[in-house]
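The block underneath contains the structure these notes are about, expressed in structure tokens.
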Amino acid sequence: MQQREEKQLEASVESLISRVAHVKNALHSFIYKLENEYERLTWPSVLDNFALLSGQLNTINKLLRNEKTPSFRNQVIIPLVLSPDRDEDLAKLTEQRVPVFSHEIVPDYLRTKPDPEVEEQEKTLSTEAARIGPDVAQKQIQALNKICTTLLEKLSNPREDRDAESAAMRQSKPSFNPADTNALVSAVAFGKGLSKCRPPGPVAPGHQGQGSMMSGGPTLQQVTIGGGSGQQAGMGGPVAQQQQGQTGKMPSSIKTNIKSASGSMHPYNR
């Protein structure tokens, strides 16, 4: 009976080693593709590799759950010899991954429980999960599902639809004031809202046309009459006084200004 169990255990171990070797080869091939053929690697090919690995792991789980497979949990591995020296047989069996079987690596390779740090993190997460009530947990699950659904919808929509939506959003928010634009166009095209410019000083009776013609042109600067009362007068003031027959000579500065102003007037008003 004991020999039968030992043979059954050896057969199960050999089958398990063979299955694990297949998983190792699949992982090695997939890692090689990711490192050396990533430029030609397509997403369907990546999914095929994941599917292959998933199928092989499921096969190992079925093998472990089989009734004919003995329970490996009842088998205890005890290191009989620990040495810091290199073991060639062990290196050959492990493909040069474990050259020595020393006190440093035994706790890692023969560990049946997670690391203490991992256990502490699991305890913390379990405590936090126990504090959250079922209602709060359900609300968080619904919120997360809603976010995931919205994200999947955005990713599934074509790029043109997203561009159209963004363009519509930009058009719905105007970046200008229509009233200010209309006022600016009216002022430039029709002069609406602009003040009229007129020359300073009174206009002579016989020079109304001249004054109206100059209303749209440049204004004349006021000058000071030398030897007078010291008051400033425009062009219309001295001209009107001279036409009324007042004596006295017009200063040369006023003559120069009149000539320069008359040169800029329309030829029909000279």
Side-chain angles (χ1 to χ4, degrees), residues 9 12-13 15-35 38 41-79 82 94-95 97-98 100-159 161-166 168-170 172-173:
L9 179 61
S12 300
V13 171
S15 177
L16 184 60
I17 291 174
S18 175
R19 299 293 182 182
V20 172
H22 290 311
V23 175
K24 184 188 70 174
N25 293 332
L27 282 173
H28 184 271
S29 176
F30 185 40
I31 292 173
Y32 179 82
K33 291 179 180 178
L34 291 176
E35 292 179 350
Y38 59 91
L41 195 62
T42 59
W43 182 243
S45 178
V46 174
L47 294 179
D48 292 340
N49 284 273
F50 275 114
L52 177 61
L53 293 172
S54 178
Q56 291 176 348
L57 292 176
N58 289 330
T59 303
I60 293 176
N61 289 330
K62 290 180 180 179
L63 177 63
L64 294 174
R65 295 171 184 172
N66 192 359
E67 296 178 355
K68 296 181 179 181
T69 303
S71 179
F72 291 101
R73 295 189 180 188
N74 298 329
Q75 306 298 326
V76 181
I77 299 176
I78 300 175
L82 298 178
T94 58
E95 297 181 356
R97 288 185 175 88
V98 186
V100 295
F101 203 63
S102 61
H103 295 77
E104 183 179 359
I105 66 172
V106 163
D108 294 331
Y109 283 94
L110 300 184
R111 182 184 297 276
T112 58
K113 295 176 64 177
D115 294 336
E117 297 179 357
V118 177
E119 289 184 349
E120 292 296 331
Q121 292 180 359
E122 288 184 353
K123 290 180 180 179
T124 304
L125 294 175
S126 300
T127 305
E128 293 179 356
R131 292 177 183 175
I132 300 175
D135 298 336
V136 178
Q138 189 65 28
K139 290 181 180 179
Q140 292 181 357
I141 292 173
Q142 291 177 358
L144 180 60
N145 290 336
K146 185 177 180 180
I147 293 173
C148 294
T149 303
T150 304
L151 182 60
L152 289 174
E153 289 179 355
K154 290 183 178 180
L155 292 176
S156 60
N157 290 336
R159 183 177 180 181
D161 295 344
R162 294 196 298 269
D163 294 342
E165 291 178 0
S166 60
M169 292 177 63
R170 288 195 299 268
S172 62
K173 297 180 180 180

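The first residue in the sequence is number 1, and the count goes up from there.
- A donor-acceptor contact shorter than 3.5 Å links the side chain of Asn49 to the backbone of Ser45.
- Taking 4.5 Å as the limit, every side-chain heavy atom of His22 sits out of range of all side-chain heavy atoms of Thr59.
- Taking the side chain as every heavy atom from C-beta outward, Arg111 and Asp108 approach each other to under 4.5 Å.
- Distance check: Asn145 CG to Thr150 OG1 gives 10.5 Å after rounding to the nearest 0.5 Å.
- Counting heavy atoms from C-beta on, the side chains of Leu57 and Ser54 never come closer than 4.5 Å.
- Thr127 contributes a side-chain N or O that, together with a main-chain N or O of Lys123, makes up a donor-acceptor pair within less than 3.5 Å.
- The shortest distance between side-chain heavy atoms of Ile77 and Tyr109 does not fall below 4.5 Å.
- Partner of Phe30 under the side chain to side chain contact (heavy atoms under 4.5 Å, CB included) criterion, out of Leu52, Val46, Asn25, Asp48: Val46 alone.
- Here OG1 of Thr149 is found 11.5 Å from CD of Gln142. Values are rounded to the nearest 0.5 Å.
- What you find for Ala137 and Ile132 is that their closest heavy atoms are N-CG2, 3.7 Å.
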Exercise. Which is it for Leu110 and Ile78 under the side-chain contact (heavy atoms from CB on, under 4.5 Å) test, yes or no, and what are the steps along the way?
Worked result: CA-CA 9 Å; Leu110 300 184; Ile78 300 175; over 6 Å; no
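- Across all non-hydrogen atoms, the minimal contact from Val100 to Val98 is O-CG1, 3.2 Å.
- Interatomic distance, Ile60 CD1 to Arg19 CZ, rounded to the nearest 0.5 Å: 8.0 Å.
- Remark: the backbone N or O of Ser12 is not paired with any side-chain donor or acceptor of Thr69 at under 3.5 angstrom.
- Heavy atoms from other residues, nucleotides or ligands lying under 6.0 Å from CZ of Phe72 number more than 12.
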